Number of protein chains: 4
Amino acid sequence: MNFQSDKPIYLQIIDIVMEKILTKEWNSGDKILSVREFAASVEVNPNTVMRSYDKLQQDEIIFNKRGLGLFVSENAIQIILKEKKVNFIQVEVPKFFQTAKLLNISIDELIELYKSN
Amino acid sequence: MNFQSDKPIYLQIIDIVMEKILTKEWNSGDKILSVREFAASVEVNPNTVMRSYDKLQQDEIIFNKRGLGLFVSENAIQIILKEKKVNFIQVEVPKFFQTAKLLNISIDELIELYKSN
Amino acid sequence: MNFQSDKPIYLQIIDIVMEKILTKEWNSGDKILSVREFAASVEVNPNTVMRSYDKLQQDEIIFNKRGLGLFVSENAIQIILKEKKVNFIQVEVPKFFQTAKLLNISIDELIELYKSN
Amino acid sequence: MNFQSDKPIYLQIIDIVMEKILTKEWNSGDKILSVREFAASVEVNPNTVMRSYDKLQQDEIIFNKRGLGLFVSENAIQIILKEKKVNFIQVEVPKFFQTAKLLNISIDELIELYKSN
DNA sequence: GTGGTCTAGACCACC
DNA sequence: GTGGTCTAGACCACA
């Protein structure tokens, strides 16, 4: 697994988990990969995965059944969307297009960049 | 001076200087605030300002006249814009589309948001 | 460790690192000495070593694996040679010929000196 | 007058004076430009020229006739050559060609660089 | 453990 | 006065 160096790995792992939930690869009630399994699969220190899972539990996106493992919460998707989408659309999107405008980058160019991504 | 805590102060100082140049508060050939003056004015350690000025010199946005001080380069504005553009395309754009993907927002929806802006 | 006094220590440290890479004492992918280790080994303040490592990272000769340390880049050797070549041609060569001119030494005499070398 | 920023201006002024003497633009016994005249002609602070003249007097390349001005010494040329030439030929020249060799730059390429200088 | 940021204070050459 | 280098020591997030 390749991680960008400018973003903490544990946050990148959170993004991976969220994506798996949003794309329904992992559904509500499903048991997710154990810390050790996940750590092995992405070649990262288990402590780092532990930290990601901690954060996800705090946000109630996953929860712990003692002795059984970690599971996707009932309303995981709603929590994720609520947490991210509002901020994205109301804050990041306008800022993004504004910067593009400042730098004289047209919408067509942005679409090109999107495709080559 | 208030600095946000999530971004290193020395980078925020670079932003301040770039802003002053882009808004023509400081023009090509102008002497900029000395390390000590700037440090005092924003209540920061001179070493921190030095670090910012060092980076700005490396990027040839300012230059040193020995013993006299630091001055705004001839092409400062072009360099700044080019630099911002590179960062935007290589860093911000991918991050933006990645988040959009994570949130299941299609390119068409983004274009809609762009138009209603 | 003995440093010459006429050249900043942090630049001399950069030279040491480059030398270790060019002589393959440190190879691509190898972890290099940590800031603190290097600082202790050459009896210098960690900040000074940090400054050297910072420059080496900017030039992409070494890179950071977060929390693990700094490692030699894939293309480190090529980058170093290219960098040295640019400096030689743009800085040393003009300075050399300028001094020769000052001392009234002709190009033919220099060629003679080259041959007898 | 354009000065390179990497070499102290007062040393660059010394080089100018030496060149004028070596090229016999200024001969033994000639009165040289006063500090103020020279400073004005190269657009530099008189203190800086003063420093250069001080150094040249220490090296006995020029000397002071009280109230009359500064004059080129009898054996100025010999002093300059002795001071510079030996070191150049015995130290700098070998080092220069050695670096060129390390960087795979041929004598022909160096000659090209000389011509385009 | 790792790198990275920041402060405080000293010293230097240069103009 | 100017920028630049260096030390000492603190604190932080990250793995």
Side-chain angles (χ1 to χ4, degrees), chain A residues 3 5-13 35 39 42-52 54-55, chain B residues 3 5-13 31-39 42-58 62-71, chain C residues 3 5-13 31-39 42-57 62-71, chain D residues 3 5-13 39 42-52 54-55:
Chain A
F3 293 97
S5 59
D6 62 320
K7 192 174 183 177
I9 292 175
Y10 83 99
L11 289 179
Q12 297 184 54
I13 289 176
V35 170
V42 293
E43 291 173 322
V44 147
N45 192 301
N47 288 328
T48 305
V49 175
M50 193 58 183
R51 187 164 181 179
S52 308
D54 272 352
K55 178 76 163 52
Chain B
F3 291 100
S5 58
D6 62 323
K7 193 175 180 177
I9 292 175
Y10 81 97
L11 289 180
Q12 297 185 51
I13 289 175
K31 182 177 180 308
I32 70 174
L33 282 180
S34 78
V35 173
R36 291 164 180 84
E37 285 170 347
F38 203 145
V42 295
E43 291 173 322
V44 147
N45 190 288
N47 284 331
T48 304
V49 175
M50 191 53 161
R51 190 167 177 178
S52 308
Y53 280 8
D54 198 43
K55 178 75 165 53
L56 287 164
Q57 274 192 81
Q58 281 172 26
I62 59 176
F63 66 97
N64 182 9
K65 288 190 194 170
R66 312 244 330 218
L68 300 179
L70 292 163
F71 298 76
Chain C
F3 290 101
S5 57
D6 63 322
K7 193 174 180 179
I9 292 175
Y10 82 96
L11 289 179
Q12 297 183 53
I13 289 175
K31 182 178 180 305
I32 71 174
L33 283 180
S34 78
V35 172
R36 291 165 180 82
E37 285 169 347
F38 204 144
V42 294
E43 291 173 320
V44 148
N45 190 288
N47 284 331
T48 304
V49 175
M50 192 54 158
R51 190 167 179 179
S52 309
Y53 280 8
D54 199 43
K55 177 76 165 52
L56 288 164
Q57 274 192 81
I62 60 177
F63 67 97
N64 182 9
K65 289 190 192 169
R66 312 243 330 215
L68 299 179
L70 293 163
F71 297 75
Chain D
F3 292 98
S5 59
D6 62 320
K7 192 173 181 177
I9 292 175
Y10 83 96
L11 288 180
Q12 297 184 53
I13 289 175
V42 293
E43 290 172 322
V44 148
N45 191 300
N47 289 328
T48 305
V49 175
M50 193 57 183
R51 186 165 181 179
S52 308
D54 271 352
K55 178 76 164 54

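Residue numbers begin at 1 in each chain, while the letters A, B, ... track the order of the sequences. Quantities reported herein were computed from a predicted structural model and do not represent experimental measurements.
One can place CE of B/Met50 at 17 Å from P of E/dC12, the figure rounded to the nearest angstrom.
Here CD1 of B/Ile32 is found 10.0 Å from CD of B/Glu37. Values are rounded to the nearest 0.5 Å.
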With both pairing distances under 3.5 angstrom for Watson-Crick or G-U wobble, and | for a partner in another strand, the correct string for DNA chain F is ||||||||||||||.
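Annotation for B/Val49 and B/Val44: closest pair CG2-CG1, 4.2 Å, computed over non-hydrogen atoms. For D/Pro46 against D/Ala39, the heavy-atom pair with the smallest separation is CA-CB, 3.7 Å. Residues D/Lys7 and D/Gln12 come closest through the heavy atom pair O-NE2, 2.5 Å. Looking at every heavy atom in both residues, B/Val35 comes nearest to B/Tyr53 through CG2-CD2, 3.8 Å. Shown here for C/Leu68 and C/Lys31, the closest heavy-atom pair between the two residues is O-CE, 3.1 Å.
Residue whose closest nucleotide on DNA chain E sits further toward the 5' end, between C/Lys31 and B/Gly67: C/Lys31. Residues B/Ile9 and C/Arg36 both approach DNA chain E. Their nearest nucleotides, taken by heavy-atom distance, put C/Arg36 toward the 5′ side. Across the interface with DNA chain F, nearest-nucleotide mapping of A/Lys7 and C/Val44 shows C/Val44 to be the residue nearer the 5′ end. Sequence order on DNA chain F of the closest nucleotides to C/Pro46 and B/Tyr53 puts B/Tyr53 first from the 5' end.
C/Phe3 is listed as a side-chain neighbour of C/Val42, based on a closest heavy-atom distance under 4.5 Å.
Residue contacts for D/Tyr10: at a heavy-atom cut-off of 4.0 Å it reaches the sugar-phosphate backbone alone, with no base atom in range. Note on C/Gln12: nothing from the nucleic acid sits closer than 4.0 angstrom, heavy atoms only. Note on A/Asn47: nothing from the nucleic acid sits closer than 4.0 angstrom, heavy atoms only.
Note that the first and last nucleotides of DNA chain F, 5' to 3', having any atom under 4.0 angstrom from a heavy atom of chain A are F/dC14 to F/dA15.
Under a 3.5 Å cut-off, the side chain of A/Ser52 and the backbone N or O of A/Tyr10 do form a donor-acceptor pair.
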Go through it in stages, so that I can follow the logic: the residues are B/Asp54 and B/Met50, the test is side chain to side chain contact (heavy atoms under 4.5 Å, CB included), and I'd like the CA-CA distance, side-chain angles, deciding distance and then a yes or no. CA-CA 6 Å; B/Asp54 198 43; B/Met50 191 53 161; 5.6 Å; no
